[in-house]
Colleague: 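First the structure, which I've put down as structure tokens, then a few questions once you've had a look.
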Amino acid sequence: MRHWIARQRYLIDYTVAALARRMAKNAGLVAVYTALVFVVASVLLYSHALKREAGFLLQGAPEVVLQKLTAGRHDLVPADYVEKLQGIRGVRSVQGRLWGYYFDPLAAANFTVMVPPDRVIPAGSIVIGEGIARTRGAAEGDVMAMRGSDGALILLRIAEILPRDANIVTADLLLVGEADFRALFGITPGLYTDVVLSVAQPREVRTIAEKVLLRLPDTRPVLREEILRTYEAVFDWREGIVLMLLVGAGLAFVILAWEKASGLSADEQREIGVLKAVGWETGDVLTMKLWEGALVSGFAFLAGFSLAYWHVFTFSAPLFAPVLKGWSVLYPDFRLTPAVDGLQLASLFLFTVVPYVAATLVPVWRAAVTDPDRVMR
Amino acid sequence: MLFHPAIMALLLADALTLILLLPAGLFALRLLRHWDLNSGSARQIRLERQTYLVATVLGFVFAVQLLSLLLLVFTADRLAVQFVGAMCAVGTFNVNPFGFPALFLKLALFFLASAWLFMNHVDNRAPDYPLTRVKYGLLLIVLPVAALAAVVQVRYFLGLRADVITSCCGSLFSGEKTVTAELAGMPPLQAMIGFYSVLGATVLGGLFALWRRRGALVFSALSALAFPVAIAAVIAFLSLYIYEHPHHHCPFCLLKAEYGYVGYLVYLPLFAASALGVALGVTLPFARAATLAPVMARITPRVVAMATGLFMLCMVLFTWFSWRSNLVLLG
Amino acid sequence: MSEAFIELRGVRKAYNEGLPNQFWAVDGVDLTLERGRVTLLTGPSGSGKTTLLTLLGCLARPTEGRVRVAGQDVSSLPERFLTEQRRHNFGFVFQQFNLIRGLSVLDNVMLPAFPLAPPHGELRSRALQLLGELGLEHRSDARVEWLSGGEAQRAAIARALINDPPVVIADEPTANLDTHLSKAFLAIVERLKDEGRTVILSSHDALVAEATIVDRIVSLRDGKVVG
């Protein structure tokens with residue numbers, strides 16, 4: 001075993017010296033390799049971080065959201081539904097929510113307007129998200145004019161702008177008091193947008209949802225676990241699509257790798273011939289060449305991954321973010337929490353290094369089986 | 001579900017494996033027809049040269065399949081959240097009937113590839129290539145297994161449909177269709193008896209083979225048996241002890257960070273020991289040539305010793321984790 | 001009397017086998033070379049000298065016939081074992097020297113021993129010792145591109161000796177040297193012979209043919225021995 005290690009060290013020694021001698025020739029391949037790793041890693045890192053963020057955020061979401069459906073369309077929930085739900089065993093709390101979308105012609109965007117459950121906004125004031133403030137050029141203390149459902153203008157003073165760090169959920173958020181909300185949208189008291197249920201035991205959620213359906217057949221319970229699954233699936237799918245689009249690049253890279261490995265210069269061929277002639281056998285030359293591939297791959301993998309990490313977590317991946325985040329006018333401007341994952345690394349490895357090695361196996365072998373007596377002919 | 005990155009990676013790995021193994025298989029056919037070591041003809045020299053390529057390809061296949069085995073398990077675990085009722089990888093594999101077969105075929109490929117590599121190593125040590133024909137015959141078995149593994153894996157992935165909200169009007173969707181997340185385990189006491197007796201017999205068989213220099217084949221057979229027995233033991237009692245939960249039988253969650261990655265500690269020696277034993281068992285019956293006698297005389301004791309040591313380590317680890325656990329299963 | 005070290009029986013080697021331009025470079029050679037002697041292969045170009053050298057030195061396998069080295073049949077040895085034989089028994093000095101550019105003299109000399117993975121310190125000192133014996137120690141760190149013709153040849157010889165082989169084979173050793181350096185080369189050959197090594201040379205050069213150290217001359221023509 002020790003002999004094997006010693007032999008590998010000698011071969012690696014030779015490989016490193018050989019690579020250093022031919023740095024110019026290999027530079028192109030290494031650059032392309034690193035670029036490929038960079039692109040794939042960026043996609044993987046970004047999606048993973050987004051999924052994690054979504055997961056964290058949804059943890060605070062209510063277990064069940066109940067919507068009323070009329071003719072397959074979302075409708076407002078009458079207040080007496082809330083009472084009917086409170087009787088169900090296992091339900092910790094029931095709360096009616098008021099929220100909706102407001103289209104602002106000035107920003108040409110939709111705001112999410114909401115009555116917050118955990119604080120009271122004084123009448124005549126609003127709390128807005130940083131995205132709205134940015135597009136409207138508004139600051140605290142300014143007055144915003146909004147058009148109600150009856151056409152009349154309602155003036156609301158901006159009491160607070162939500163912190164930038166919360167942008168991922170609050171960029172387009174506008175918090176308002178209940179009375180102002182009802183006035184803005186023309187919703188009579190006794191109606192809510194939807195109802196949220198908090199359930200004590202996670203395992204009971206489905207059973208409770210079924211009971212709800214029995215009591216209130218014209219409603220639709222949406223489970224948090226379903227939202228989580230759907231988000232995961234959507235992000236996965238988006239990631240997959242982007243990676244599929246990279247197949248062309250991947251294929252080009254593989255062909256380049258094959259070409260580079262096959263196109264040995266006369267000098268390199270002579271060198272291998274000399275090695276064979278002085279007593280290196282095919283296995284030794286093969287091992288040496290495989291080490292060459294391994295060192296190149298190792299470098300490209302590390303460099304590409306590090307660049308991707310930096311690109312995604314320091315710069316928020318300007319190159320891919322739009323595709324992966326989804327279409328929107330008010331893009332939240334947020335920083336993702338760095339997260340690296342074994343699964344990602346393994347996938348990245350399989351997408352980049354493994355095809356490279358596969359592409360170079362045959363050319364490397366062909367070089368290694370040079371006849372030892374070649375140098376004499 | 002085919003657009004999931006990890007699934008794409010797994011499909012790519014299988015595709016590459018097949019792309020490389022197919023020509024190797026054709027080469028095996030050619031070699032079996034024309035191999036003649038005594039001839040110095042150009043064709044013979046060409047065949048000998050090509051054996052280097054095949055050996056390298058097999059080494060590559062082995063490494064890639066090992067990586068993809070791990071990736072499959074972790075992906076199944078990660079995907080569990082997408083299927084109602086699936087708590088972990090076990091649930092994901094149960095989503096359709098191709099899940100566990102895909103896993104088993106990958107395992108079979110792992111053992112076959114490692115056996116081939118061992119046989120190749122032995123074959124190369126003798127100047128007259130005594131095992132070459134057998135080796136390439138074995139390759140003609142590896143190839144269909146790899147193809148089958150790839151096909152089953154594709155069918156499994158095609159049959160994975162995430163339980164996600166698909167319609168904006170549908171209400172609580174499919175309450176009935178849940179996935180069984182449980183693996184049936186044997187009663188713990190029986191499993192323990194089985195585990196300790198089979199592994200104990202294997203270790204004794206190994207020690208006997210080392211002492212008397214005979215019976216290595218029996219040892220190999222025992223190590224082949226030890227693998228499924230040990231896995232059943234993991235499911236039946238070791239997992240329960242490690243998770244400290246009387247119903248969590250999953251053999252995959254051991255590999256996760258929250259349990260300190262102990263799964264690797266347990267599985268690595270087990271896999272290595274069984275692979276060594278099986279490889280030896282596959283090679284020995286054919287290694288009758290006179291030129292191989294000194295080679296086998298040197299290699300067999302080393303392999304038996306390594307495998308025996310690793311099985312002993314397994315037993316120690318199982319005992320340690322069972323003892324240390326706060327869960328009480330017996331008595 | 002020295003015993004036979006290398007034996008060839010009915011050896012033939014073909015190139016471009018199976019193709020219309022197939023030809024037999026060596027066409028039926030029976031030859032026995034004794035240990036500790038200096039043998040010279042001569043003949044016009046195309047006579048099969050170089051091919052015969054490769055067959056003698058385990059660099060290639062014969063298409064037909066048997067080759068025995070130190071009593072062991074090497075004709076049907078697979079490459080791995082043939083290379084082992086070659087590493088232990090033969091050292092080669094090529095006509096073009098074939099030193100690897102970009103590496104130092106010392107690295108070049110140590111190269112043949114890499115696959116054997118001896119302890120590094122030992123290998124290095126052995127290489128330096130050989131270079132010292134050949135008067136090249138002061139150039140051990142120089143890049144081989146900077147060596148003169150004579151120095152390059154001596155470096156090649158040192159490389160051939162790193163594994164301490166009993167046989168040294170040199171292909172057209174004086175083709176790129178002037179008279180003075182050729183004589184220096186022949187002096188080295190004498191030293192090798194004194195060390196008990198077997199030396200096989202192939203050359204057109206009259207200087208070599210007339211040298212006193214040459215024990216035997218084998219003439220080739222059209223792949224066959226004629227003298």
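By convention in this document, chain letters (A, B, ...) are assigned in the order of the sequence lines, proteins followed by strands, and residues within each chain are numbered from 1. These numbers come from the heavy atoms of this one structure, side chains and all, not from hydrogens, waters or symmetry mates.
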Colleague: Under 4.5 Å heavy-atom distance to chain B, tell me which part of Leu361(A) shows up: side chain, backbone, both or neither.
Modeller: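 Its backbone and side chain both get close to chain B.
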Colleague: Checking Val64(B) against chain A: side chain, backbone, both or neither under 4.5 Å from a heavy atom?
Modeller: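 It is the side chain, since no backbone atom gets that close.
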Colleague: Near Trp237(A) CH2, under 6.0 Å, is it more than 12 heavy atoms from other residues, nucleotides or ligands?
Modeller: no
Colleague: Using non-hydrogen atoms only, which part of Glu48(B) is less than 4.5 Å away from chain A: side chain, backbone, both, or neither?
Modeller: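 Answer is neither: Glu48(B) stays 4.5 Å or more from chain A.
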Colleague: What are the two closest non-hydrogen atoms of Asp236(A) and His4(B), and how far apart are they?
Modeller: OD2-CD2, 3.0 Å
Colleague: Please name the pair of heavy atoms, one in Leu286(A) and one in Thr56(B), separated by the smallest distance, quoted to 0.1 Å.
Modeller: CD1-OG1, 3.4 Å
Colleague: Taking the side chain from Trp365(A) and the backbone from Arg49(B), do they hold a donor-acceptor pair closer than 3.5 Å?
Modeller: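 Yes; judged by distance alone, with no hydrogens or angles, the pair exists.
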Colleague: Are more than 12 heavy atoms from other residues, nucleotides or ligands located less than 6.0 Å from atom OH of Tyr259(B)?
Modeller: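 For Tyr259(B), atom OH is crowded (more than 12 foreign heavy atoms under 6.0 Å).
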Colleague: Please state whether the side chain, the backbone, both or neither of Leu348(A) comes within less than 4.5 Å of a heavy atom of chain B.
Modeller: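 Answer is neither: Leu348(A) stays 4.5 Å or more from chain B.
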Colleague: Is it the backbone or the side chain of Leu53(B) that comes under 4.5 Å from a heavy atom of chain A, or both, or neither?
Modeller: both
Colleague: Once rounded to the nearest 0.5 Å, what's the spacing between atom CZ of Phe83(B) and atom CZ of Arg229(A)?
Modeller: 9.5 Å
Colleague: Tell me which of these, Pro5(B), Ala6(B), Ala13(B), has more heavy-atom pairs under 4.5 Å with chain A than the rest.
Modeller: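 The option with the most such pairs is Pro5(B).
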Colleague: Side chain, backbone, both or neither: which part of Leu71(B) has a non-hydrogen atom closer than 4.5 Å to chain A?
Modeller: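 Contact with chain A involves both backbone and side-chain atoms of Leu71(B).
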Colleague: Would you mind telling me which of Leu228(A), Asp341(A), Leu290(A), Val362(A) has the largest number of heavy-atom pairs within less than 4.5 Å of chain B?
Modeller: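 Most heavy-atom pairs within the cutoff with chain B belong to Asp341(A).
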Colleague: Measure distances from Val212(A) to the heavy atoms of chain B and classify the residue's part below 4.5 Å as side chain, backbone, both or neither.
Modeller: neither
Colleague: Under 6.0 Å from the CZ atom of Phe301(A), do we count more than 12 heavy atoms belonging to anything else shown?
Modeller: yes
Colleague: Using non-hydrogen atoms only, which part of Asp218(A) is less than 4.5 Å away from chain B: side chain, backbone, both, or neither?
Modeller: neither
Colleague: Do you know which of Thr207(A), Leu243(A), Thr282(A) has the most heavy-atom pairs under 4.5 Å to chain B?
Modeller: Thr282(A)
Colleague: I need the minimum non-hydrogen distance between Ala358(A) and Phe60(B), along with the two atoms involved.
Modeller: CB-CZ, 3.8 Å
Colleague: Is any side-chain heavy atom of Leu12(B) closer than 4.5 Å to a side-chain heavy atom of Leu350(A)?
Modeller: no
Colleague: Which answer fits Thr17(B), side chain, backbone, both or neither, if we ask what part of it has an atom under 4.5 Å from a heavy atom of chain A?
Modeller: neither
Colleague: State whether the number of non-hydrogen atoms from other residues, nucleotides or ligands found under 6.0 Å of Tyr261(B) atom OH is greater than 12.
Modeller: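 For Tyr261(B), atom OH is not crowded (no more than 12 foreign heavy atoms under 6.0 Å).
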Colleague: Pick one of side chain, backbone, both or neither for Phe74(B), based on which atoms fall under 4.5 Å of a heavy atom in chain A.
Modeller: both
Colleague: So with a 6.0 Å cut-off around CZ of Arg2(A), is the heavy-atom count from everything else above 12?
Modeller: no
Colleague: Can you name the nearest heavy-atom pair linking Glu232(A) to Gln82(B), along with the distance?
Modeller: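 So the minimum-distance heavy-atom pair works out to CB-NE2, 3.4 Å.
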